[in-house]
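Throughout, a chain's letter reflects where its sequence line sits, starting with A, and its residues are numbered from 1.
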Amino acid sequence: AQSVTQPDIHITVSEGASLELRCNYSYGATPYLFWYVQSPGQGLQLLLKYFSGDTLVQGIKGFEAEFKRSQSSFNLRKPSVHWSDAAEYFCAVALPAYSGAGSYQLTFGKGTKLSVIP
Amino acid sequence: KAGVTQTPRYLIKTRGQQVTLSCSPISGHRSVSWYQQTPGQGLQFLFEYFSETQRNKGNFPGRFSGRQFSNSRSEMNVSTLELGDSALYLCASSRPGGLATSTDTQYFGPGTRLTVL
């Protein structure tokens, strides 16, 4: 069965430092890949997504992610973290669930909680 | 335009009761998906509705059901509530092409926090 692994449960960085959140997936083919962010008490907001093409994807809020097929990874990066980035981050894959009908379901990793030290 | 709306935002029920949660998708979106989020299991897919038909279902017991109306609004129902059903229930909507196009995405609502006592 497909799975998504986020090996880091909790990461703490200083404001202004760089950030990399890891994500690995297990699936026979390349799925669609996503990163979402969730602030306390809120729903999920999409940061970026990868469907095909350029393996370096730019997202909102200064985030980017790189797809590496050989490593089955889709790591999220930000060059300089702001205190407002403190939240929980979820990597997800979307797999076709109903061939030809455009139905997909997201399979999420367990999330990485990011804390930012001022 | 308005985002995905979920009502109520918070709900407290007791074991054995049933509950109905509501989701209004973004205008023009016809696909609605539901997810359960718990500290132990994380985010798990419940089901997806499109044009009033359930076209995909996750691995949840039959106590969890849903429906979609002609205006694309969706409800999910949980019968005979158990303590383990306490969770944040998230609804997400997308256009018919859903996640199949690089220009579209799935938009999430703020969720309904269900507490079962």
Asks: Among the clusters formed by ILVMFWY side chains lying less than 4.5 Å apart, do A/Phe63 and A/Val4 turn up in the same one?
Replies: yes

Asks: Report, in residue-number order, which members of residues 9-22 of chain B are under 4.5 Å from chain A by heavy-atom distance.
Replies: B/Arg9

Asks: At a heavy-atom separation under 4.5 Å, does B/Leu90 approach chain A through its side chain, its backbone, both, or neither?
Replies: side chain

Asks: Of the listed residues (A/Gln45, A/Lys110, A/Gln42), which shares the most heavy-atom pairs with chain B below a 4.5 Å separation?
Replies: A/Lys110

Asks: Counting only heavy atoms not in A/Ile9 (residues, nucleotides, ligands), do more than 12 fall under 6.0 Å from its CD1?
Replies: no

Asks: Does one hydrophobic cluster hold both A/Leu44 and B/Met76, with members joined at side-chain heavy-atom distances below 4.5 Å?
Replies: no

Asks: Listing request: all salt bridge (charged side-chain N to carboxylate O under 4.0 Å, His left out) pairs with a residue in residues 21-41 of chain A, at least two apart in sequence or in separate chains.
Replies: A/Asp8-A/Arg22

Asks: Show your working on side chain to side chain contact (heavy atoms under 4.5 Å, CB included) between B/Leu43 and A/Phe90 and close with a plain yes or no.
Replies: CA-CA 9 Å; B/Leu43 281 151; A/Phe90 294 92; 3.8 Å; yes

Asks: Hey, which of B/Gln6, B/Gln41, B/Arg113 has the most heavy atom pairs under 4.5 Å with chain A?
Replies: B/Gln41

Asks: With a 4.5 angstrom heavy-atom cut-off, could you sort out which part of B/Gln37 is near chain A: side chain, backbone, both or neither?
Replies: side chain

Asks: Checking heavy atoms, do the side chain of A/Tyr50, its backbone, both or neither come under 4.5 Å from chain B?
Replies: neither

Asks: If two hydrophobic side chains count as joined below 4.5 Å and joins carry through other members, does B/Leu88 share a cluster with B/Phe47?
Replies: no

Asks: Among the clusters formed by ILVMFWY side chains lying less than 4.5 Å apart, do A/Leu47 and A/Leu56 turn up in the same one?
Replies: no

Asks: With a 4.5 angstrom heavy-atom cut-off, is it the side chain or the backbone of A/Gln38 that approaches chain B, or both, or neither?
Replies: side chain

Asks: Where is the tightest heavy-atom contact between A/Leu106 and B/Tyr35, given as atom of each residue plus distance?
Replies: N-OH, 3.2 Å

Asks: Quick check on the hydrophobic clustering: are A/Val13 and A/Trp35 connected, directly or via other members, by side-chain heavy-atom contacts under 4.5 Å?
Replies: yes

Asks: Atom CG of A/Leu46 and atom CZ of B/Phe108: how far apart are they, to the nearest 0.5 Å?
Replies: 9.0 Å

